[in-house]
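Take a look at the structure set out below.
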Amino acid sequence: MMNNDTKPIKENENSTQEYSLNDDRRVKVLSPGTLVAKRFFRNRLAVTGLIILLLMFVFSFVGGLVSPYQQDQKFYRTEEQSKDYAGVLHNEEFRYTVADAKLFTGPVQAQTLLHIMNNETSFEYNSNKYTLNKVSDDYYTVSSGDKTVGLASKSLVNSSTSNDSFSFDFTHAALDAYAKGTKNFKSEGKAYSIDADGVILDSAGQETAYVSTYIVRPVMSDVFFNRDFKTKLISAVENGEKSFKYTDEKGVEAEYILSFDAQKNIWDVKQEIATTVFDTYSSPSKSHPLGTDRNGMDMLTRLMYGGRVSLIIGFIVVIIESVLGVILGGISGYFGGWIDNLLMRIVDVFYCIPSMPIIIILGAAMDAANVESSLRMLYLMLILGFLGWPGIARMVRGQILSLREQEFMTATEACGISVPRRIFKHLIPNVIPQLIVIMTMGLGDTIITEATLSFLGLGVRFPFASWGNIINDVNDTFVLTNYWFIWIPAGVLLLLTVLAFNIVGDGLRDAFDPKMKR
């Protein structure tokens with residue numbers, strides 16, 4: 001028999017545990033925020049978008065801090081550059097030195113050449129008689145009466161130390177001595193010596209000038225060629241060499257490339273010299289993983305700082321839009337009547353404003369005013385925010401129109417709660433879910449708009465970087481086809497960021513929707 005006092009054996013201690021009706025442990029309660037987060041994180045695509053956004057924020061804000069370079073830091077490289085340097089002409093025509101410009105004019109010089117070719121010793125022109133004195137086949141003096149009025153020579157007197165020209169007496173005496181093979185001559189009371197090579201020395205033994213049939217002219221007017229350089233250059237020309245090297249007085253060695261222009265009968269001289277230039281469009285390397293841009297700046301660092309600028313502009317513009325939209329939309333939806341009509345007509349006016357032409361005009365005005373880059377970026381954010389609020393205002397107004405007739409708003413009115421508190425404490429919080437979705441999806445649109453304006457040269461300007469003005473480098477077809485590392489990374493980052501914002505916005509919309517299937 002079983003004793004009535006005997007208690008049933010408990011198979012499980014927890015199986016007989018009872019809870020009271022007011023015990024919170026009976027039902028697992030989730031807060032609205034937790035419920036939304038749970039719905040959101042069930043959406044794998046939305047979580048993927050959130051991860052992408054987190055990576056973009058880390059890349060842009062943390063990456064710029066750890067990068068060893070600055071966004072406007074320029075890099076240089078040394079390369080051999082070829083540039084036009086000089087022209088060399090072997091003079092085979094008579095050139096004239098004038099003593100009396102009134103008697104030895106251009107027509108007289110032409111008559112001189114004509115009579116030299118005809119082997120005549122004199123001629124008359126304009127009632128003046130001229131006498132040609134042949135010193136050598138390449139050198140004549142021209143006299144009128146007892147006065148020497150000019151010289152006709154294929155040899156030229158060149159300065160050894162400067163570009164200074166010589167007097168007629170010095171040139172006359174030097175050419176006479178060189179043509180006659182005389183070792184010494186005097187000019188203007190000074191004694192000079194000249195050797196068989198035409199080198200002229202003063203009484204102290206210092207080289208003053210030299211006589212040559214070659215004309216060497218620099219491309220740049222401020223460049224002077226000393227006789228040593230000219231001697232090596234002329235020697236290379238005479239020997240038919242294609243190039244030669246020369247070290248100047250400063251110890252800088254350069255290579256010179258010679259080429260003959262048959263049409264001009266002149267040798268062109270190009271200087272090959274090591275020059276420090278911007279390290280533009282260098283290929284990816286260990287020091288620059290994504291290469292450099294056209295200004296010689298590190299592309300990876302520019303992308304980091306560019307992402308920071310694009311994201312900051314996107315968030316600030318969306319905040320400006322939201323603040324204006326919530327305030328005006330909330331007032332319009334709550335009060336209705338003539339206030340609603342007035343504010344909605346203002347919204348209609350803003351919808352009719354052609355935003356892009358206005359931004360283009362303002363961009364041109366800022367260019368004309370030379371507005372600095374930081375202020376330009378601030379103005380861009382204010383303009384985009386001021387032109388983008390009507391959509392949010394209309395959404396907020398529509399939501400509040402439906403919410404203000406519900407019982408909880410009647411209760412707030414019965415309790416005597418002030419109008420601003422009813423709007424911003426009880427109505428606006430109920431619009432927050434829709435507002436968050438619109439803001440999230442609007443971020444992508446704002447970043448695209450900023451990138452478009454920067455690409456067109458109307459947005460963020462140098463030295464600040466943005467993904468839009470980075471892509472601006474590819475307005476050249478050659479860059480587009482040959483330097484992929486300039487535009488593809490920026491395009492990919494822009495695509496991923498905008499796509500991630502849209503995906504997260506879709507995920508938040510689904511998470512906030514209480515009617516969706518769980």
Side-chain angles (χ1 to χ4, degrees), residues 32 313-363 365 378-450 452-453 501-502 505-506 508-515:
I313 290 178
F315 273 96
I316 292 180
V317 169
V318 168
I319 290 173
I320 294 174
E321 294 175 350
S322 301
V323 170
L324 292 175
V326 166
I327 293 174
L328 297 178
I331 294 173
S332 175
Y334 181 82
F335 289 102
W338 68 270
I339 296 178
D340 182 32
N341 288 329
L342 175 62
L343 293 178
M344 286 303 102
R345 297 301 74 78
I346 294 175
V347 168
D348 292 337
V349 170
F350 270 85
Y351 269 124
C352 297
I353 293 176
S355 301
M356 189 58 69
I358 288 179
I359 294 174
I360 292 175
I361 293 171
L362 293 175
L378 176 62
Y379 293 152
L380 176 64
M381 292 185 291
L382 293 176
I383 293 168
L384 292 177
F386 187 69
L387 294 176
W389 63 268
I392 296 178
R394 180 160 287 180
M395 184 277 297
V396 172
R397 178 240 185 198
Q399 291 293 320
I400 289 181
L401 282 175
S402 63
L403 291 172
R404 70 176 185 176
E405 304 299 333
Q406 295 185 13
E407 290 81 359
F408 74 94
M409 288 305 300
T410 305
T412 60
E413 186 175 356
C415 293
I417 297 176
S418 63
V419 173
R421 187 173 178 83
R422 293 179 208 168
I423 296 175
F424 296 104
K425 182 69 175 179
H426 297 279
L427 284 178
I428 297 301
N430 286 280
V431 185
I432 292 299
Q434 292 81 3
L435 184 62
I436 290 176
V437 173
I438 290 180
M439 291 175 62
T440 305
M441 303 186 75
L443 277 167
D445 294 336
T446 303
I447 292 174
I448 286 289
T449 302
E450 181 277 323
T452 303
L453 294 175
F501 273 120
N502 289 334
D506 287 336
L508 288 173
R509 180 187 59 200
D510 295 340
F512 280 117
D513 187 1
K515 297 178 181 179

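When reading the values below, keep in mind they use all heavy atoms of this one structure, side chains included, and skip hydrogens, waters and symmetry mates.
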- Message: Let me confirm one number: the CE-OG distance from Met439 to Ser322, rounded to the nearest 0.5 Å.
- Response: 3.5 Å
- Query: Mind checking what makes ring pair (Phe, Tyr, Trp, His ring centres under 6.0 Å) contact with Phe315, not counting sequence neighbours?
  - Reply: Phe57
- Task: Step through the shown structure and confirm whether more than 12 heavy atoms of other residues, nucleotides or ligands are within 6.0 Å of CZ on Phe386.
- Result: no
- For Asn341, what residues pass the side-chain hydrogen bond (donor to acceptor under 3.5 Å, both in side chains) criterion, not counting sequence neighbours? none
- Item | Those residues that, when tested against Asp445, pass side-chain hydrogen bond (donor to acceptor under 3.5 Å, both in side chains) (two or more places apart) | none
- Message: Taking the side chain as everything from C-beta on, heavy atoms only, tell me whether Leu435 gets closer than 4.5 Å to Gln399.
- Response: no
- Scanning both residues in full, the closest heavy-atom pair of Pro390 with Gly388 reads CD-C, 3.3 Å
- Message: As an exercise, state the distance from CG of Leu328 to CD1 of Ile392, rounded to the nearest 0.5 Å.
- Response: 11.0 Å
- Note on the structure: Sequence neighbours excluded, the answer for side-chain contact (heavy atoms from CB on, under 4.5 Å) partners of Ile339 is Ile331, Phe335, Leu343
- Message: More than 12 heavy atoms of other residues, nucleotides or ligands under 6.0 Å from OH of Tyr379: yes or no?
- Response: no
- Task: Any side-chain hydrogen bond (donor to acceptor under 3.5 Å, both in side chains) involving residues 381-393? Give me the pairs, sequence neighbours left out, ordered by first then second residue.
- Result: none
- For Arg345, which of Asp348, Leu342, Val349 qualifies under side-chain contact (heavy atoms from CB on, under 4.5 Å)? Asp348
- Mind checking the CD-CG spacing from Glu450 to Leu380? Nearest 0.5 Å is all I need. 6.5 Å
- Message: So, taking the atom named CD1 in Ile320 and the one named CD1 in Ile316, what distance separates them when rounded to the nearest 0.5 Å?
- Response: 7.0 Å
- Task: Any chance you could measure Gln434, atom CD, to Leu508, atom CG, to the nearest 0.5 Å?
- Result: 11.5 Å
- If you round to the nearest 0.5 Å, how far is CD1 of Ile319 from CG of Leu324? 12.0 Å
- Message: Applying side-chain hydrogen bond (donor to acceptor under 3.5 Å, both in side chains), can you list everything that pairs with Thr446, at least two apart in sequence or on another chain?
- Response: none
- Message: For Gly385 versus Glu321, what's the shortest heavy-atom pair and its separation?
- Response: O-CG, 3.5 Å
